[in-house]
Amino acid sequence: GEEALRTTYRQVWVAAPDSCNLCLLCSRLSGTDLNYSGMEATRCALNLAISPLGSPAAKGVRSRTVACSADSPKRRSFLRFGKKGLLGVAGATTGLAASEFAQRTLARSQPGGGGGGNGGNINWGNGGNGGNGGHGGWESSNGAAWAMTSEEESFYCEQIETQNLMTGPGVPTQAELFGDLKCQPGTWVTRQDLSDDLAALLNTGLFQNVDANVEPLETGYKVCFKFREKIWPAMMSFQVTGATILPDWIDKAVLKAAGKNNFTTVNTLAQAKTLIEDWYHENGFVFGTVSSFDGMDNGRVVANVHEGKISSVSSKVCDPQGNEIPGGGSVNPHVVHREMPFKVGELYNLDDGKRALRDIFALNLFDNVQVVPRPDESDPNLVKVEMVLSERPMKTAEVETEWSLAPGPKGRPNLVSYKPGGSIFFEHRNLQGEGRQLYGSVSSMNLFAPQEDLGFKLEYTRPYCRGSRDPNKTNFKLSAFNSRKLCAAFAAGPGMDDAPAVWVDRAGAKASITESYSAQSKLALAAVAQEVTTRDESGQVCTQGFRPLPNGQLASDGPPTTLSYNGTDRTLFLQANLARDNTYFLNGSPVGARDIYQVDQGLGPLGGGAFFNRMQASFTRFIKLKSPKPRSALPPLMLVTSAKYANCIGDLPAYEAFTLGGPYSVRGYSVGELGVCRRKLELAGELRVPIPYANNQAYAFYEMGTDLGSSKEVRGNPTEYMRRVGHGSSYGAGLKLGSCRFEYVVDGNMGKGDWHVRFGERF
């Protein structure tokens, strides 16, 4: 029997005793005194006697040749022998642990010994092969023996390899599986560590068996993990538990995909996991995950899902260094919480996080806003949402001064005036800690005599004027203003010399209420009282427009600038503005629809001025013709269409008439160059093509506008007086780079083209 053990490579199967103790042979050689439970003497496949304790058949066998583990009566353990000793043991141990047995025999083992297993084998170089917990010595490649004790045995892991490890979407990667293992490249590892790692890999439930080969290298050892995939019966049914929003077609899709195979594997489950989690993540539910699968043994598979239900919502204010401020900041917490879309008991959604960032930033109270969702410590299946805020200075004041330069007689820059212009600005963003804001600014081109062109604006805003629970976030705004703008109604037409500018001064007050129905859809109602005065370039009141004559003189017989004949109008009117906007940005390009309606109603005698009704309606569609590829940064192929109609009845001064032409009307013309009218229609179309690698868009467009014959209905007919045609079109192409648009536009009336640089969106 001894000769056979030393010279034969084969497996020896030994029936385990009923008491699950080690057999006589092992107990004799390991120095233990375990009872044999009265089993009759018998012989194994190598004719090696197995008999009661003290039998001569067990004497004289060298310790290096034996290692074994007991098993339950329903299973068997096997011994594998080689020329240098025991190669390995496999089988789950229930009596004396294989690792403990191997440690007891280690002191007498020669290089190449090994120990028992717990579902996997450890093969030591060209001699050792032990299962989970096995120990033994080995030889390095250069023949030098490694001396180890049972308590301090370790080897240097230089390299890790894997064989037959499954790969694919949803399957754990090698990095994920090996991240928490003790055996890592560049570390010292004991046999017990390696055994623990095998047990950890098996406990994942992904593998039928895991073995490890340890091979010597020049400076250490290479560990090769060998995997055998787990296989279950074919999937007969599939259902998901724990899901509240998952559509029904997911179950059918998983079952249809699994029906193509005659058995269920880890890859089958991984495909189901990927399909479920992709749906959650594509719809913004980033905490939606498959935690486990059940029922594979009988083909009735159940996926257990955690969707990320919110357990709590909180906020904290931090200083610039990131430290939490005790007691919070100056903003009352409910001001922040009423802007949060998160609710306890609902699922966390990434779109809600984006809304929270947008709405809280819009308060103009914080420099930095972070949404921090994380698993709840008490229940990892729940989500805690915390807002981390950094407040802005609540009170600010600024003073700016400026001097203007202009080219002198020889081209040298000269000071236009030694008198400085400038502005004074102040703001309080958080009155009474409720987020109410007060803003004011004063500006003038001559601070020494500001009454000449003084402009000012004073504005008070109160958010949530109907209470913090108002779903429409109604805010009230009261403002007083004095502004000066150039009147496009009296601009010169094409082919004319520049006409003297007419400026429109507006001073008055406005009170408005705004309701928000979504992020971009709003309704605003306002009452406006104002005094309008028209002035020439010198600041004097002017009652009529001017145009240059061929002899260089100015004709002052132009259209009246105001309804009254003294150059000043006082009006009171109501205003309503409704915006329906569901656009969103896809890789920097807007997609969706936007409709805007505006109506102004003059109160006539009640306001001491004009009685009129003026309306405008615009309809814009951003049509996605082709979606970009997944994970692509390219904007989509887009078609943009736009139509705008405007009409006015009643008293209408020239400065309130509709202008035709301009970068936001008909491109290629200056503002008002085509005409001033009571009615107008504008149509536009633009095709936007993505540019590979640049992640931008090139575009081509066509636009047209017409006054519908209404220019002559404006008092004094400024369109005819300034030699404008009342209609026009343009076409061209351009390139969009960030927020800039570089475009070449051809004037459809004159047939001439020119380059333009614009900023922002056209529509």
Side-chain angles (χ1 to χ4, degrees), residues 486-496 499 502 504 545 547 558-563 571 573 575-580 593-602 610-621 640-686 701-732 745-751 762-763:
L486 188 64
C487 183
F490 299 97
M496 284 185 61
V502 175
V504 178
R547 70 176 178 180
T561 57
T562 59
L563 284 177
T571 60
F573 63 94
Q575 187 178 79
N577 192 310
L578 175 63
R580 175 189 173 273
R594 180 187 301 128
D595 301 327
I596 300 176
Y597 310 88
Q598 180 175 323
V599 178
D600 299 336
Q601 178 62 56
F611 183 80
F612 63 91
N613 180 274
R614 180 178 55 197
M615 62 80 62
Q616 300 181 70
S618 65
F619 310 91
T620 306
R621 296 294 180 270
V640 184
T641 61
S642 178
K644 186 174 183 179
Y645 176 75
N647 185 35
C648 182
I649 59 176
D651 303 326
L652 185 73
Y655 57 80
E656 296 288 13
F658 304 115
T659 58
L660 200 61
Y664 300 101
S665 175
V666 181
R667 280 177 275 192
Y669 303 91
S670 60
V671 177
E673 184 178 346
L674 290 177
V676 181
C677 51
R678 279 179 171 266
R679 292 180 298 279
K680 71 174 181 177
L681 176 65
E682 297 173 354
L683 301 174
E686 182 173 288
F701 63 88
Y702 176 82
E703 298 181 345
M704 60 83 64
T706 175
D707 63 1
L708 301 175
S710 64
S711 292
K712 59 187 178 183
E713 300 175 16
V714 180
R715 291 185 62 187
N717 197 354
T719 298
E720 182 181 15
Y721 183 79
M722 294 297 181
R723 300 177 184 175
R724 292 174 283 197
V725 296
H727 60 82
S729 63
S730 66
Y731 59 90
V745 187
V746 178
D747 176 346
N749 290 347
M750 306 291 293
R762 155 66 177 90
F763 302 100

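Note that this is a predicted model, so its numbers are computed, not measured.
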Query raised in the report: Around atom OH of Tyr645, are there more than 12 heavy atoms of other residues, nucleotides or ligands at under 6.0 Å?
Result: yes
Report task. Please tell me if the side chains of Thr561 and Tyr655 come closer than 4.5 Å, counting only heavy atoms from C-beta onward. Result -> no
Requested in this report: State, to 0.1 Å, how close Arg678 and Ser710 come at their nearest heavy-atom pair, and which atoms those are.
Outcome: N-OG, 3.2 Å
Query raised in the report: Minimum heavy-atom separation for Thr659 to Gly672, with atom names?
Result: CB-CA, 3.9 Å
**Report entry** Donor-acceptor contact below 3.5 Å, side chain Asn647 vs main chain Met615
**Finding:** no
Query raised in the report: Does a sphere of radius 6.0 Å around CD in Glu720 hold more than 12 heavy atoms from other residues, nucleotides or ligands, not counting ones at 6.0 Å or beyond?
Result: no
Report task. For a side-chain contact (heavy atoms from CB on, under 4.5 Å) with Val725, tell me which candidate from Thr706, Asp707, Leu674 qualifies. Result -> Leu674
Query - Heavy-atom pair of closest approach, residues Leu708 and Lys680 - result: CD1-C, 4.1 Å
Query raised in the report: So, for Ala643 and Leu683, which heavy atoms are closest and what is the spacing to 0.1 Å?
Result: CB-CD2, 3.6 Å
Requested in this report: Over 60° means perpendicular and under 30° means parallel, so classify the ring planes of Phe612 and Phe573, tilted if in between.
Outcome: tilted
**Report entry** Pair Phe763 + Phe619: ring centers closer than 6.0 Å
**Finding:** no
Query raised in the report: How long is the gap from CZ on Arg724 to OG on Ser711, to the nearest 0.5 Å?
Result: 8.0 Å
Query - Pi-cation contact, Phe701 with Arg667 (under 6.0 Å, within 45°) - result: yes
Report task. Could you pull out the closest heavy-atom pair between Arg715 and Thr562, with the gap in Å? Result -> NH1-O, 3.6 Å
Query raised in the report: When you measure from the side chain of Thr719 to the backbone N and O of Gly675, does any donor-acceptor pair fall under 3.5 Å?
Result: no
Requested in this report: Mind running salt bridge (charged side-chain N to carboxylate O under 4.0 Å, His left out) on Arg614 and Glu656 for me, showing each step along the way?
Outcome: CA-CA 9 Å; Arg614 180 178 55 197; Glu656 296 288 13; 2.8 Å; yes
Query - Main-chain N/O of Ser665 paired with Arg762 side-chain donor or acceptor, under 3.5 Å - result: yes
Query raised in the report: Which pair of non-hydrogen atoms, one from Ala646 and one from Gln616, has the smallest distance, and what is that distance?
Result: CB-CG, 3.8 Å
Report summary line: Rounded to the nearest 0.5 Å, the CZ atom of Phe611 sits from the CG atom of Leu652 at a distance of 13.5 Å
Query raised in the report: Hey, does Pro663 have a side-chain heavy atom less than 4.5 Å from the side chain of Val671?
Result: yes
Requested in this report: Using the ring of Tyr721 (Phe, Tyr or Trp, six-membered ring only), decide whether Arg547 places NZ or CZ under 6.0 Å from its centre and within 45 degrees of its axis.
Outcome: yes
